[in-house]
Number of protein chains: 2
Amino acid sequence: MTSSPCYCTVLKAASRRLAALYDEALEPVGVNIAQFSLLRRIRRAEPVTLTELGRIAELDRSTIGRNTRVLERMGLVALGRGADHREAVVTLTAAGHKALDEGEPLWDGVQDAIEARLGNTGVMELCTALQDL
Amino acid sequence: MTSSPCYCTVLKAASRRLAALYDEALEPVGVNIAQFSLLRRIRRAEPVTLTELGRIAELDRSTIGRNTRVLERMGLVALGRGADHREAVVTLTAAGHKALDEGEPLWDGVQDAIEARLGNTGVMELCTALQDL
DNA sequence: GGCCGGTGCGGGCATATACCCGGACCATGA
DNA sequence: TCATGGTCCGGGTATATGCCCGCACCGGCC
């Protein structure tokens with residue numbers, strides 16, 4: 001057997017390269033891909049608690065809390081308390097919706113570029129493999 | 001067109017899951033997969049400067065500098081100055097070699113598990129796609 | 001020999017990420 | 001009612017990552 005590459009390292013490197021692509025495209029909107037993705041998840045689940053958001057995004061709850069607070073400082077989301085006073089409830093602000101609307105076409109551009117580079121089968125295979133990981 | 005998933009987000013999530021796998025396996029050695037991977041790169045290129053290491057690992061030079069300093073604090077690598085007094089030269093310590101030797105079989109185990117899960121074609125397709133990104 | 005552009009490093013700043021812990025709150029059972 | 005266990009959040013700590021800036025050093029050119 002020839003020595004295989006470290007799948008984790010290869011994945012991380014590709015992840016960083018890809019993130020840089022998206023970040024550059026989203027630069028005019030003032031958010032990075034992690035923030036944009038989080039905004040989209042919030043829009044889909046809104047109103048949503050931090051714990052639920054963490055579950056959806058497969059992120060540690062404390063990570064979600066911190067990332068959400070960054071969006072709050074940016075004025076893109078609002079944090080409030082739910083009926084259950086333990087829960088922190090997240091909702092999008094008008095500026096948050098605007099950022100999503102402005103970012104969407106830019107994001108689409110990157111998605112299209114990637115699909116063009118990998119081809120339909122390539123994309124399909126990639127998604128299948130990532131899902132199995 | 002059905003809406004496609006954000007390739008970057010999917011990739012990052014898979015990357016985190018995978019890292020957790022490797023980290024758990026390497027736990028007895030006391031290093032995480034990022035550190036283990038960096039140690040392997042150092043062993044392959046040793047003696048090597050930080051800038052060169054960053055180029056190899058596709059990481060920002062300041063990132064490599066910091067990560068290497070963590071390994072230095074752990075006693076796994078030694079940092080010195082080269083003939084060119086601007087350069088910081090990295091070499092493995094005995095403890096660094098030991099960590100690599102101990103980690104290798106654990107790392108192999110995770111690699112094998114992944115190959116078993118994806119199958120030969122799956123792994124091949126994944127690597128091809130990641131390379132093209 | 002001294003100036004000057006180029007190169008390499010480290011520090012500052014910001015975000016992303018995870019683990020652990022303590023405090024607040026809720027619901028249930030005694 | 002109230003004690004108990006479970007849930008949720010936030011803060012502390014540590015690593016990972018990138019960008020920018022200033023400092024030190026090197027080599028070539030005058």
Side-chain angles (χ1 to χ4, degrees), chain A residues 8-9 11-24 26-27 30-39 41 47-55 57-74 76 79-90, chain B residues 8-9 11-24 26-27 30-39 41 47-74 76-77 79-90:
Chain A
C8 182
T9 304
L11 207 58
K12 284 176 83 161
S15 188
R16 284 195 300 267
R17 286 196 300 270
L18 216 45
L21 267 187
Y22 285 85
D23 286 351
E24 187 183 12
L26 290 172
E27 198 271 334
V31 297
N32 62 34
I33 182 59
Q35 294 164 343
F36 186 73
S37 170
L38 183 52
L39 283 175
R41 286 192 204 277
V48 63
T49 69
L50 291 182
T51 294
E52 175 67 5
L53 208 47
R55 205 189 51 73
E58 294 183 81
L59 284 174
D60 188 89
R61 205 212 46 73
S62 69
T63 299
I64 277 289
R66 275 179 260 270
N67 294 2
T68 304
R69 213 153 343 121
V70 172
L71 294 179
E72 188 192 24
R73 273 207 304 278
M74 291 178 175
L76 303 179
L79 277 165
R81 286 288 164 179
D84 184 334
H85 277 207
R86 288 170 301 183
E87 297 175 345
V89 178
V90 189
Chain B
C8 183
T9 304
L11 209 58
K12 284 176 82 159
S15 187
R16 285 194 300 268
R17 287 196 299 270
L18 215 46
L21 268 188
Y22 285 85
D23 286 352
E24 189 183 10
L26 289 173
E27 200 270 334
V31 298
N32 61 33
I33 181 56
Q35 294 164 343
F36 186 73
S37 168
L38 184 51
L39 282 175
R41 287 191 203 279
V48 63
T49 68
L50 290 182
T51 294
E52 175 66 5
L53 207 47
R55 206 188 53 69
I56 294 171
E58 294 184 78
L59 284 174
D60 189 87
R61 206 212 44 75
S62 69
T63 299
I64 277 288
R66 274 181 271 268
N67 295 1
T68 304
R69 215 155 340 122
V70 173
L71 294 180
E72 188 193 22
R73 274 206 303 279
M74 291 177 174
L76 304 178
V77 305
L79 277 165
R81 286 289 165 179
D84 184 333
H85 278 207
R86 288 170 301 182
E87 297 175 346
V89 179
V90 190

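Lettering follows sequence order; numbering is per chain, from 1.
Checking the phosphate oxygens (OP1, OP2) of C:dT15, a side-chain nitrogen or oxygen of A:Arg73 falls inside 4.0 Å. Distances shorter than 4.0 Å separate none of the side-chain N or O atoms of B:Ser62 from OP1 or OP2 on C:dG10. Remark: B:Asn32 is in phosphate contact with D:dA16, judged by side-chain N or O atoms under 4.0 Å from OP1 or OP2. The side chain of A:Lys12 contributes no N or O atom lying less than 4.0 Å from OP1 or OP2 of D:dA16. For the pair B:Arg69 and D:dA14, the criterion of a side-chain N or O lying under 4.0 Å from OP1 or OP2 is not met. Contact check, B:Arg16 against C:dT17: a side-chain N or O comes under 4.0 Å of OP1 or OP2. Contact between the side-chain N/O atoms of B:Asn67 and the OP1/OP2 oxygens of D:dT17 is found at a separation under 4.0 Å.
Between the CD atom of A:Glu72 and the P atom of D:dC9 there is a distance of 14 Å, given to the nearest Å. Between the CG atom of A:Leu21 and the C1' atom of D:dG18 there is a distance of 15 Å, given to the nearest Å. B:Tyr22 places its OH atom 19 Å from the C1' atom of C:dT17, with the value rounded to the nearest Å. Counting to the nearest Å, the P atom of C:dT15 and the CD atom of A:Glu27 are 15 Å from each other. Rounded to an integer number of Å, the gap from B:Leu53 CG to C:dC9 C1' is 14 Å. Counting to the nearest Å, the P atom of C:dG10 and the CG atom of B:Leu59 are 15 Å from each other. A straight line from CZ of B:Arg55 to P of C:dT7 spans 14 Å, rounded to a whole angstrom. Between A:Asp84 atom CG and C:dC25 atom C1' there is a gap of 7 Å when expressed in whole angstrom units.
Ranked by how close their nearest DNA chain C nucleotide is to the 5' end, A:Met74 and B:Arg66 are led by B:Arg66. Positionally, the nearest nucleotide of DNA chain D for A:Val89 lies more toward the 5' end than for the other of B:Thr63 and A:Val89.
Of the candidate nucleotides D:dA16, D:dC8, C:dC9, C:dC9 has the atom lying nearest to any side-chain atom of B:Arg61. For B:Ala88, taking side-chain heavy atoms from C-beta onward, the closest of the listed nucleotides D:dC8, C:dG10, D:dC19 is C:dG10. Taking the side chain of B:Leu50 as heavy atoms from C-beta on, and the options C:dA16, C:dG10, C:dG8, the nearest nucleotide is C:dG10. For A:Arg81, taking side-chain heavy atoms from C-beta onward, the closest of the listed nucleotides C:dA18, D:dG10, C:dA16 is D:dG10. You'll find that the side chain of B:Arg86 is closest to D:dC25, out of C:dC26, D:dC25, C:dC9. For B:Val70, taking side-chain heavy atoms from C-beta onward, the closest of the listed nucleotides C:dT17, C:dG12, D:dA16 is D:dA16.
The two residues A:Arg81 and A:Ala88 have their closest heavy-atom pair at NH1-N, 4.0 Å.
Just one residue in the list A:Thr51, A:Leu53, A:Thr49 forms a side chain to side chain contact (heavy atoms under 4.5 Å, CB included) with A:Ile64, and that residue is A:Leu53. Test B:Thr68, B:Val89, B:Thr63 against B:Leu50 for side chain to side chain contact (heavy atoms under 4.5 Å, CB included) and you get one pass: B:Thr68.
Across all strands, A:Asp60 comes closer than 4.0 Å to base atoms (heavy-atom distances).
The side-chain heavy atoms of A:Leu59 and B:Arg16, taken from C-beta on, include a pair separated by under 4.5 Å.
Distance CG/B:Leu26 to CD/B:Gln35: 9.5 Å, rounded to 0.5 Å.
Using a 4.0 Å cut-off between a side-chain N of Lys or Arg and a carboxylate O of Asp or Glu, B:Glu72 and B:Arg69 do not qualify as a salt bridge.
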